[in-house]
Amino acid sequence: MATVLAIALDVAESTSLAAFAQKYGKPFDLLCLSEEAPTDLGASTAISAESFEVPPADALVESLRQLCEGYDVIATSASMFGKDFGARMAGALNRPMVGDVLEIVSEDTFVRPMYAGNVLATVRVTSPRFVTSVRGTAFSTPERSGSSAKKSLAIQTELRTKRIGVSAKEGGRPDLTQAKVVVSGGRPLKDAETFERLIGGLADRLGGAAGATRAAVDSGIAANELQVGQTGKIVAPELYIAAGISGSTQHIAGMKDSKVIVAINTDPDAPIFEIADYGLVMDLFKAIPELMDKAKTS
Amino acid sequence: MKILVPIKRVPDPYARIRLNADSSAIDTTGLKFEINPFDEIAIEEAVRIKERSGSEVVVVSIGAAECEEQLRKALAIGADKAIHVETVEKFDSLGIAKVLKSVVQRESADLVIMGKQAIDDDANQAGQMLAALLDWPQATFASKVELTDSTATVTRETDTGQETLQMPIPCIITTDLRLNEPRYVALPGIIKARTKPLDKIELSDLGATAECNVEVLSMSQPAGRSSGRKVASVDELLEALRNEKGAAI
Ligand SMILES: Cc1cc2nc3c(=O)[nH]c(=O)nc-3n(C[C@H](O)[C@H](O)[C@H](O)COP(=O)(O)OP(=O)(O)OC[C@H]3O[C@@H](n4cnc5c(N)ncnc54)[C@H](O)[C@@H]3O)c2cc1C
Ligand SMILES: Nc1ncnc2c1ncn2[C@@H]1O[C@H](COP(=O)(O)O)[C@@H](O)[C@H]1O
C-alpha cells in the first residue's frame, strides 16, 4: 500500500510531484486531475480523473477526502491550484501542512523558504500524517521507468460553488513555469501593446515565455498570470532576461534560481545587477529590438 | 452582515531581513512591523463593503501585546471593533485556523475576508484551512468581489488567468494584491480610533489551545548569487551567452 498520494493538476505537475515522491523514497500513487496520469513515473498506481472539468476547491476536497484518508502524506504542487486545494484538504483532514518544499532532509523534515526567500527554514512536521506542497523548480526531473497500474476515479463536479466564468487561455507561448527561456518586463514598458511587442516579441523569438513584475501587472501592462515573484510565479529557466526591472526582493524571490540571468536597465546601480550574470546598462527600447534582430531564431 | 477580518503583524515587507546570533529566528532589532499587506487589502475591502451597504467590520489578531498597534491601525482604516487574542504561543497555519474558527463562531460572522498569505511565513494556508474547518465555500486569491445578501461573486487569480466563482454566503475570501489599493490613514484618524472598542481575550476564553505541528528547527540565509559582470553592448552580451554559457541564442 502506497503511503504517499501525489495530486497533480496536469502532466507538468505530475512530473515534479513524481520527482519529489521518488526522492522521498516511499511508495506513492499519482492522481492526475485534468489529463491522463502518466504511467512511467514510478507510481504504484496512476489514477486519472474521469470528470470533464476540475471542480472548485470545496467540491474537489469533498470528492477526494476519503481517498486521501488512506495515505499518510498528501503531496500537491506549490501552484495556485495546489495552494487553493491542498491547504483546504489539510484543513478537512485536520492535518498540518508544509508548503513550498525545496528540499527533503528526512521523512519529517524539509527545507522551505520564508520572508520572500530571504530565509531558508528547516522545518519538522510533528504529525506522521500531513500535507505538503512542492516547488516545481526544486523537483523537476524524475526518473522514468516501469509502468504503473491504471485506475480511474469519478469526481463530483459541483457542490455549493459554481464556476461562472473563466478567462481565455492565451495560446502560443510555453507555460511560464516550464519554459527554458523567460523574458520579463517591468514598469517602463508603458502599455500592453508595447509590452507584447517587445517582451512578447523577444520571448517568441527565443521560444520562451513572457513574465512581468507586479508593477507592470498593476498598471495593466501585463496579464496577472505573468507575475513572477514572492506572490506570483516561481520560475527557474535556463535563461532569464529582466528588462526594465529594478530587482525588488519580492521579484527576485521568484527568479533567482534561474541558471543564467541577464539584466537590461538604464540605471547602473539597479539592484537587479547584483544577481545578474550579465548586466547591460542600456535603454530597453533600443536593446530589445537589437536583440530580436541579432538573436538566432529558435 | 458581519464581516470578520483576521490580521497578522509582520515585518515591513521592504525591510532587510537578517537572522539572530544562533540562527533560530530573524533578528527583530530595529525592525518595523506592519499589518500584513494582504490583510490590509482585506480590511480595505471590508470597509468598502460597509460604506456601500452598512455592514459591521470586526478585525482580529492572534499574537503578543504588540499586535495592538496593528489592530488600532485597522480601526483607523474603518473597522468597527477589534479583538486581540493575546498569546505568546507558537502556531502553524492550522493552529491559527482553529482559533479563528472559534472567533467566527463567537462573533457569528457571516463572511471572512483575509489575506492569501502572511509575508513572514509565506504559508498561504490559513484561509483555506478555516474554510474547511467551518465547511464554508472559499474564494482564494480574489481580485474582484461582488456581494448580495446571500451570494458572493468573486473573480480570482489562477495559474492560467482568472476565473469567476459564485457561492453562497457565509464563505471565506482571501485577497490578492490587485483587489484594491488600501487608503492612506493620517495620524488624526489613528488618534480618533483610540475610542473604538478593542477587546483583549485569551485562548481559554475561546476554549482554544495553541497548536503548532510544523516547527522551525533552524534558519539560514541563501547564499547570495554572486553578481556577474557588465557587458557594454548587445553584441558582447550575445557573444558571452553563446561562448561562456553555451546558449543557443
Ligand atoms: C507584499 C508584496 C508582494 C509583492 N510581490 C511581488 C511579486 O510577486 N513580484 C514582483 O515583481 N513584485 C512584487 N511586489 C512589488 C515589488 O516590491 C516592486 O514594487 C516591483 O517588483 C517593482 O517592479 P519594477 O521593477 O517593474 O518597477 P520599478 O521598481 O519601478 O523599476 C523599474 C526599473 O526600470 C528601469 N528603467 C526605466 N526605464 C528604462 C528603460 N527605458 N530601459 C531600461 N530600464 C529602464 C529603472 O531604472 C528601474 O530600475 C510585491 C510587493 C509587496 C509589498
Ligand atoms: N496570528 C494571526 N492572527 C490573525 N490572523 C492571522 C494570523 N496568522 C495568519 N492570519 C491570517 O491568515 C492569513 C494567511 O496566513 P498564512 O497561512 O500564515 O500565510 C493571513 O493573511 C491572515 O489574514
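All values reported here derive from a predicted model rather than from experimental measurement.
- Both the backbone and the side chain of A/M97 come within contact range of chain B, judged by heavy atoms closer than 4.5 Å.
- Only the side chain of B/D92 has a heavy atom closer than 4.5 Å to any heavy atom of chain A.
- Heavy-atom distances place the side chain of A/T109, and not its backbone, under 4.5 Å from chain B.
- Top candidate by heavy-atom pairs under 4.5 Å with chain A, chosen from B/M167, B/K245, B/Q221, B/R18, is B/K245.
- Here the straight-line distance linking atom CG of B/D159 with atom CG of A/L176 works out to 10.0 Å at 0.5 Å rounding.
- Considering only heavy atoms from C-beta on, B/R156 comes within 4.5 Å of A/D84 through its side chain.
- The salt bridge (Lys or Arg N to Asp or Glu O under 4.0 Å) test applied to B/D135 returns A/R160, not counting sequence neighbours.
- Of the two parts of B/A97, neither the backbone nor the side chain holds a non-hydrogen atom closer than 4.5 Å to a non-hydrogen atom of chain A.
- For B/C212, the part sitting under 4.5 Å from any heavy atom of chain A is the backbone (N, CA, C, O) and nothing else.
- The shortest distance between side-chain heavy atoms of B/E157 and A/E225 does not fall below 4.5 Å.
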Give the intermediate values and the outcome of side-chain contact (heavy atoms from CB on, under 4.5 Å) for residues A/V131 and B/M129.
CA-CA 12 Å; A/V131 178; B/M129 288 170 165; over 6 Å; no
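- Contacts of A/E238 with chain B are absent, with no heavy-atom separation under 4.5 Å from either backbone or side chain.
- Annotation: the span from B/E239 atom CD to A/K294 atom NZ amounts to 11.0 Å, rounded to 0.5 Å.
- Within 6.0 Å of the CG atom in B/D22, the count of heavy atoms belonging to other residues, nucleotides or ligands exceeds 12.
- Legend: residues meeting salt bridge (Lys or Arg N to Asp or Glu O under 4.0 Å) with A/D108, ordered by chain and number and at least two apart, are absent.
- Interatomic distance, B/S218 OG to A/R124 CZ, rounded to the nearest 0.5 Å: 11.0 Å.
- Chain B is approached within less than 4.5 Å, heavy atom to heavy atom, by A/F273, A/E274, A/I275, A/A276, A/D277, A/Y278, A/G279, A/L280 from residues 272-280 of chain A, ordered by number.
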Please lay out, stage by stage, how A/V281 and B/K230 fare under the test side-chain contact (heavy atoms from CB on, under 4.5 Å).
CA-CA 8 Å; A/V281 182; B/K230 295 254 167 70; 3.5 Å; yes
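- Residue A/I261 touches chain B through both its backbone and its side chain, counting heavy-atom pairs closer than 4.5 Å.
- Contact of B/S143 with chain A is not made at all, since no heavy-atom distance falls under 4.5 Å.
- Contacts with chain A were tallied for B/T153, B/L177, B/L241, B/D235; B/L177 has the most, counting heavy-atom pairs under 4.5 Å.
- With a 4.5 Å cut-off on non-hydrogen atoms, A/V125 touches chain B through its backbone and its side chain both.
- Distance check: B/D122 CG to A/T231 OG1 gives 8.5 Å after rounding to the nearest 0.5 Å.
- Chosen from B/M219, B/Q125, B/E244, B/R242, the residue pairing most often with chain A at heavy-atom distances under 4.5 Å is B/Q125.
- Only the backbone of B/S226 comes within contact range of chain A, with at least one heavy atom under 4.5 Å from a heavy atom of that chain.
- Interface remark: A/R112 contributes side-chain atoms only to the contact with chain B (heavy atom separation under 4.5 Å).
- Both the backbone and the side chain of B/A131 have a heavy atom closer than 4.5 Å to some heavy atom of chain A.
- For chain B, the nearby part of A/K259 is the backbone; its heavy atoms alone come within less than 4.5 Å.
- Of all the listed residues (A/L239, A/T249, A/V217, A/L159), the one sharing the greatest number of non-hydrogen pairs under 4.5 Å with chain B is A/V217.
- Looking at A/N224, both its backbone and its side chain come within 4.5 Å of chain B, counting heavy atoms on both sides.
- Distance check, rounded to the nearest 0.5 Å: OG1 of B/T160 to CZ of A/F81 gives 11.5 Å.
- No other option in B/I119, B/I26, B/D120 has as many heavy-atom pairs under 4.5 Å with chain A as B/D120.
- To the nearest 0.5 Å, atoms OG1 (A/T122) and CG (B/L217) are separated by 6.5 Å.
- You'll find the side chain of A/M292 stays beyond 4.5 Å of the side chain of B/V234, heavy atoms only.
- Other residues, nucleotides and ligands contribute at most 12 non-hydrogen atoms within 6.0 Å of the NZ atom of B/K144.
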Show the numbers, then the answer: is there a side chain to side chain donor-acceptor pair (under 3.5 Å) between B/N213 and A/S127?
CA-CA 6 Å; B/N213 285 302; A/S127 148; 5.9 Å; no
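- With respect to chain A, the highest number of heavy-atom pairs below 4.5 Å among B/I249, B/L19, B/T140 belongs to B/I249.
- Only the side chain of A/V262 has a heavy atom closer than 4.5 Å to any heavy atom of chain B.
- Of all the heavy atoms in B/G161 and A/S167, the pair that sits closest is CA-OG, 3.5 Å.
- Listed in order of number, the residues of residues 2-17 of chain B that approach chain A to under 4.5 Å between heavy atoms are B/P11, B/P13, B/Y14, B/I17.
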For A/T126 and B/E215, run side-chain contact (heavy atoms from CB on, under 4.5 Å): C-alpha distance rounded to whole Å, both residues' side-chain angles, the deciding distance at 0.1 Å, then the answer.
CA-CA 8 Å; A/T126 53; B/E215 38 172 68; 3.8 Å; yes
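- Proximity to chain A is limited to the side chain of B/L238, based on heavy atoms less than 4.5 angstrom apart.
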